[in-house]
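Here it is, the structure in full.
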Amino acid sequence: MSLSAYVIRRLFYVIPVILGVCFLIFIIFNVVSPDPTISMLGKHATKAQVLELREALGLNRPLYMQYVDTVKSALTFDFGRSWSTKQEISEMIKQGAIPSITVTFPAFFLSFIISVALSLFVAFYRGGMLDKSIVFVCVALMSISSLVYILVGQWFFAFKLGLFEISGYEEGFPYFIPYVMLPIVITVILGVGPDVRFYRTVMLDEIYQDYVRTARSKGLGEKTIMFKHVLKNAMVSIITYVVLRIPFLILGSLLIESFFGIPGLGGITLKAVNSSDFPVIKAMAVLSGIATIIFNVITDVLYVVVDPRVKLE
Amino acid sequence: MASNQQTSKSLWGHAWDSLVSDKLTVVCMSIVFFYALVALLSATGLIVSDWSKEVGPSYAPPSSEYLFGLDIFGRSVFAKTVKATEIAMSVGLVTGILTVIIGVTLGSISGYYGGKIDEFLVWFYTTVSSVPYIMLLISIAFIVGKGILAVYLSLGLTSWTGLFRLIRGEFIRHKDREYVQAATAIGGGDFRKIFKHILPNVFHIVIINFSLQFQFAIKSEVILSYLGLGVQGVPSWGTMINDAKLELARGNWWQLAAATAAMLVVVLAFNILGDALRDALDPKLKGK
């Protein structure tokens, strides 16, 4: 099978998955979840008020039409308006994406560089005390709740020492920098543990391959082997692992954004959850679902492109 | 006579030997056992049944009298931390079991039968894993309502995807092996082949996954508490950490510290144990 045929086939497979994601979200929010009008109107609303609101929100339409609406919104990116702020959701997404990116992008690159460097280092000294202690520290870092990092970071470094802004955001370069520094540091700390562990495994997988033995028997130095051979081959797995994170760079982090008052998509989602703003939650779920699917396809194709051993079936 | 017979060790025998030969692993196993014991004693009411009693002034700092200090209502943070072990261990256990049941059942059916049913289950798996995890978590807790049941279900029903993928892959690899063919030849049915023959051969994956799911669930409970979807009425490490949001600014750090430390120890133990189990049970990784 040629590569283009593979890509087309892979894209065709996306259709049932998008329909499935829409179906799951439709089931959750339109079928089984409690009537949203109750939380919107309060307990003392009259029957007539509830009916009127349900009509206005389109909840009295036949269920299959509501599903079609969900699919339509996924394809046209027209998600309607927020129930609580009455804002156009696509507009909210456009505005929220930039603050999210100002935190996630720098954090993404920093943690990538740190993790690759650190894992190369531990793979080089594999089996020794240094390797063991760094892996132990990584696991220990992973064993602390993300909420603790946020709480302690905010309290100690921002509140006590006054090194960073406690919370808030200002638009435009360079004004946002003091606000995003601490969130970036915390995101990096949260990412380094699992990343180093994964990259280390990938590199160790490569180190025991035959080509490394060949390289060594040719008399190449251990450093050349690590950088020229192991790193290059390990990058295949590392990049496919990293690509899958890209959609979440735009969506931001729920916890970090809400704690630091960053008006990104993560913060918007959490606000919507707290106010039962179904259209906004649905939009975010559909959006991130589709982004995940698309980046899955990209990863698969990338894998085939960079590694000729992968068979197309 | 029988005592002279040399029986060779099974995979599990070897795995056990390699587990107990490592000191760190033994320490981790003891920690897990200790936490389980504490949870059991607290669940049966033998210890800390009086955790909700007011024992002193609100927010008394740690002292010789109040070991870990007191919380806003003057309750002992130490007693709360111990009581919360019960929730943490039950969340780990129940969601771990749910994950195993769903993941193993669907994964083995998918891998063993293949064809249309496999296509359907793989589609289902892809769909579920495409919706962001936190969204699923929130939605399920939303539907079931707040409380411990929501925690169990939302974590159990969303975490099976990883195990499904692994088990399916293993079943595809195993189903045409000779020992399965032999089972077919002597008239073994599908059910028997799946559960009696193939499953024991891939069970190490289940155990490793269970151990990692356990610690993941304990950590996730904190996030659910923060989202206001966690356990109500009884202390949990999640609600204790979440309470610290307002306490830290006033310098009351002890509740956060106690819950974090209690959690760190057991989660770390499960993490290390998971790795040790992987090393002991997966022969492909020998020597790395």
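Hydrogens, waters and symmetry mates play no part in the numbers below; they use all other heavy atoms, side chains included. Predicted model, so just to flag it, every value in this text is computed and none were measured. Naming: A, B, ... by sequence-line order, numbering from 1 per chain.
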Nearest non-hydrogen partners of B/Leu248 and A/Trp155, listed with the distance: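 In terms of heavy atoms, the two residues are closest at O-NE1, 2.9 Å.
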State whether the number of non-hydrogen atoms from other residues, nucleotides or ligands found under 6.0 Å of A/Lys271 atom NZ is greater than 12. no
With a 4.5 Å limit on heavy-atom distance, are the side chains of A/Ser258 and B/Tyr226 in contact?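 Sidechains of B/Tyr226 and A/Ser258: in contact.
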Approximate separation, where rounding is to 0.5 Å, of A/Phe23 CZ and B/Thr127 OG1: 10.5 Å
Among A/Ile25, A/Ile144, A/Val148, A/Ile281, which residue forms the greatest number of heavy-atom pairs with chain B at distances under 4.5 Å? A/Val148
Side chain, backbone, both or neither: which part of A/Phe278 has a heavy atom under 4.5 Å from chain B?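 Answer is side chain: those atoms of A/Phe278 sit under 4.5 Å from chain B.
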Given heavy-atom pairs under 4.5 angstrom as the criterion, report whether the side chain, backbone, both or neither of A/Arg197 touches chain B. side chain
What pairs meet the ring pair (Phe, Tyr, Trp, His ring centres under 6.0 Å) rule with one or both residues in residues 256-281 of chain B, with sequence neighbours excluded?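 As it turns out, the ring pair (Phe, Tyr, Trp, His ring centres under 6.0 Å) pairs with a partner in residues 256-281 of chain B, which skip direct neighbours, are B/Phe214-B/Phe270.
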Return the minimal non-hydrogen interatomic distance between B/Ile241 and A/Ser145, and the atom names on each side.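 B/Ile241 and A/Ser145 have their closest heavy atoms at CD1-CB, 4.4 Å.
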A quick test of your reading: do over 12 heavy atoms of other residues, nucleotides or ligands sit less than 6.0 Å from OH of B/Tyr113? yes
Between A/Phe29, A/Phe159, A/Phe259, A/Tyr13, which residue shows the highest count of heavy-atom pairs closer than 4.5 Å to chain B?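 Top option by heavy-atom pairs under 4.5 Å: A/Phe259.
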Can you tell which part of A/Phe156 gets under 4.5 Å to a heavy atom of chain B, answering side chain, backbone, both or neither?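 No part of A/Phe156 comes within 4.5 Å of chain B.
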The interface call for B/Ile223 against chain A, heavy-atom contacts under 4.5 Å, is side chain
Quick check on the interface: out of A/Leu151, A/Leu255, A/Thr292, who has the most heavy-atom pairs with chain B under 4.5 Å? A/Leu151
Determine yes or no for a side-chain-to-main-chain donor-acceptor pair under 3.5 angstrom, with B/Lys219 supplying the side chain and A/Met142 the backbone. yes
Report which part of A/Leu270 has an atom under 4.5 Å of a heavy atom belonging to chain B: side chain, backbone, both, or neither.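 Answer is side chain: those atoms of A/Leu270 sit under 4.5 Å from chain B.
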Counting only non-hydrogen atoms closer than 4.5 Å, does B/Leu264 touch chain A with its backbone (N, CA, C, O), its side chain (CB onward), both, or neither?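 For B/Leu264, backbone and side chain are both near chain A.
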Heavy-atom side-chain proximity of B/Leu268 to A/Phe136 below 4.5 angstrom: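 SC-SC contact between B/Leu268 and A/Phe136 confirmed.
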Looking only at heavy atoms and a cut-off of under 4.5 Å, which of B/Asp275, B/Val265, B/Leu24 has the most pairs with chain A?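 Most pairs with chain A among the choices: B/Asp275.
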Of all heavy-atom pairs between A/Ile293 and B/Ser130, which one has the smallest distance, and what is that distance? CG1-OG, 3.5 Å
